[in-house]
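Some notes on the structure that comes next.
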Amino acid sequence: MLGYVRLEVVRVLRDVTFVVFGIAMPVVMYLIFTTLALAPGDREKAALFVMVSMAAYGGMGAAFNNGSGLAEDKALGWLRQLRLTPLAPAAVVAGKAITGMVVVVPAIAAILLAGTFVNGVRLDAGQWISIIALLWAGTIPFTLFGLGNGYRLTGQAAGIANFASSMTLAVAGGLWIPSDVFPGWLKAVSEWTPTHSYADLSWNVAYGEAPAPRSVLILCGWLAVFGLYALASYRRAGRSA
Amino acid sequence: MNANAVSPAPPAADATGSPGAPPAVALSELTKSFGAVRAVDGLSLEIPRGQTVALLGPNGAGKSTAIGMMLGLIAPDSGRAEIFGGRPGQAVRAGRVGAMPQEGGLIHRVTVGELIRFVAGTYQDPLPLERILAGAGLGGLAGRRVDKLSGGQAQRVRFALALAGDPDLIVLDEPTSALDVEARREFWDGMRRFAARGKTILFSTHYLEEADEHADRIVVIDRGRIVADGTSREIKRVTALTTVGVTVTGETSWLAGLPGVSAIEIRGDRARLRCTDSDATVVALAQAGAVRDLEVSPADLEDAFVALTAHRATPPVPSPVRTGPAGQEESAV
């Protein structure tokens, strides 16, 4: 299974579209948002706040991208080819999920590095470790959602569904525009989104607080929902293969 | 090179088949419908170990569906498929099967070497990369990106994936349909090297010549059923479709009495003889000193099917010889 993960990660990192739109673009957006002072508060605070927003956006995008790749694999006959090798079907699913957890790393790391070295964000070691861990582990629900779409839909439809899902979740979750400036009703919705709770954990840590239990619970709830969705999609794909 | 001709390594004891060991492939009464279409209709087939079998049939005959069930990719409506005495999925998981589906299976942004090494790595005892590359005619292409290959090269990579794990059984669904003549020749060279090591091979094709040239046994399938099963010679005799053309002057009626001739057709001074045994016919023509502008045309599959279907409809016809060691078994399910 390690060999499978390695192969899949290599494929993703050689994908120029992903490197440009999944890794480089969030960095550019981060630098634009912070230098143009589009985020609220003083510059230093904005650099920190938007660093978390954009890292969350980048990580989520990479997780969804992985799911779109799965739909392409299906169209290319790659999943069928894998079924003709001794690799167990469960190992393929697990390998694809692990791939998702690996490819989010460069997307998140690029933003954190830009925050540190370009925008001079300073946090203590404990905060960095917590933020990295939370941003990384928090992509799991999105990886599952993306894989669910990938198993359920055809190549192009999965790509569109994943793009639309990540955009909607990014906006509604307040990753682009802070939810503090949302009208009341939208703010109320936003607080229930997986994206908001995902980023909120790291915002808490960045401002020296403990992650809010409410956000942990909401994100875990979405983890369960997306996990069940991925499982249902996988079963359905298995029946029709 | 000579090592390939005379089995390079002692073949594994179970690869060539010790007596009593289950056959490489055993299909019994397999049936599969897609909607109203019955793609495979009560198909039973047994392939002993070490045999090279061609599954011959036109497009839509049910070849791919039969192969899909054989490999455990498609669940049959009824009947049973067994590979080396176990369920197909088990045999695949145990690394005893290598397969090349009709299309697809290649991914972008990896090199030929990376892809083959990965697939080989999923098997317990794969061939070394160099031997896989050589066997599939891919020498010098290990570093090439899979998405930058020509059609023929891509097909050879797909073949390489099927043989990478050094399986005992290899199943190829229309392996040469996308290849030009030269690539086809190279493909069959690789296949022959594989077969020489005592492996069992099943390939499907709609080219009669290909089945004729490369298989020990031909199983003709039409509308989901086996309509003929035997050696190339046996099948051709039944279909009686080889045509011998010769230029004759004067009396022509004697031609009908030549050995192996089943019908004659005269147009001007050109006679076309339909033959059940064209070899015998040609020898007789030569003995009669009548070889002028001789032309032997092999059977055309399209016609062969018409003939085979007709044979099925009229009972008093010798049925083609079955070469399978055991008789038909009743399905247990």
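None of the values given here were measured: they were computed from a predicted structure. By convention in this document, chain letters (A, B, ...) are assigned in the order of the sequence lines, proteins followed by strands, and residues within each chain are numbered from 1.
Heavy atoms only, all atoms of each residue included: Gly105(B) and Trp78(A) are closest at O-CE3, 3.3 Å.
Contacts between Phe118(B) and chain A at a heavy-atom distance below 4.5 Å involve the side chain alone, from C-beta outward. When heavy atoms are compared at a cutoff of 4.5 Å, Ile107(B) approaches chain A by way of both its backbone and its side chain. Leu79(A) does not touch chain B: none of its heavy atoms, backbone or side chain, sits under 4.5 Å away. When heavy atoms are compared at a cutoff of 4.5 Å, Val119(B) approaches chain A solely by way of its side chain, counted from C-beta outward.
Near-neighbour residues of residues 144-161 of chain B relative to chain A, defined by a heavy atom under 4.5 Å from a heavy atom of that chain, comprise Arg145(B), Leu161(B).
A heavy-atom distance below 4.5 Å is found between the side chains of Leu7(A) and Val110(B). Residues Leu73(B) and Arg80(A) meet the side-chain proximity criterion, which asks for heavy atoms closer than 4.5 Å.
Remark: Tyr229(A) OH is packed, more than 12 non-hydrogen atoms of other residues, nucleotides or ligands lying under 6.0 Å away. For CD1 of Ile177(A), the number of neighbouring non-hydrogen atoms (other residues, nucleotides, ligands) closer than 6.0 Å is 12 at most. Phe34(B) CZ: more than 12 foreign heavy atoms inside a 6.0 Å radius.
Among Pro86(A), Pro89(A), Ala91(A), the residue with the largest count of heavy-atom pairs under 4.5 Å with chain B is Pro86(A). Ranked by heavy-atom pairs shorter than 4.5 Å toward chain B, the options Asp73(A), Val10(A), Asp15(A), Val12(A) are led by Asp15(A). The greatest number of non-hydrogen atom pairs below 4.5 Å with chain A, out of Gly95(B), Pro101(B), Pro88(B), is found for Pro101(B). Ranked by heavy-atom pairs shorter than 4.5 Å toward chain B, the options Glu72(A), Met1(A), Arg11(A), Gln81(A) are led by Arg11(A).
Remark: Phe194(B) pairs with no residue by the ring pair (Phe, Tyr, Trp, His ring centres under 6.0 Å) rule, at least two apart or across chains. By the ring pair (Phe, Tyr, Trp, His ring centres under 6.0 Å) test, Trp128(A) is found to be paired with no residue, residues two or more places apart in sequence or in another chain being considered. The ring pair (Phe, Tyr, Trp, His ring centres under 6.0 Å) check on Trp136(A) picks up nothing, with sequence neighbours excluded.
Here Leu84(A) contributes atom CG and Leu71(B) contributes atom CG; the two are 5.5 Å apart, rounded to the nearest 0.5 Å.
A donor-acceptor pair under 3.5 Å is formed between the side chain of Arg14(A) and the backbone N or O of Arg109(B).
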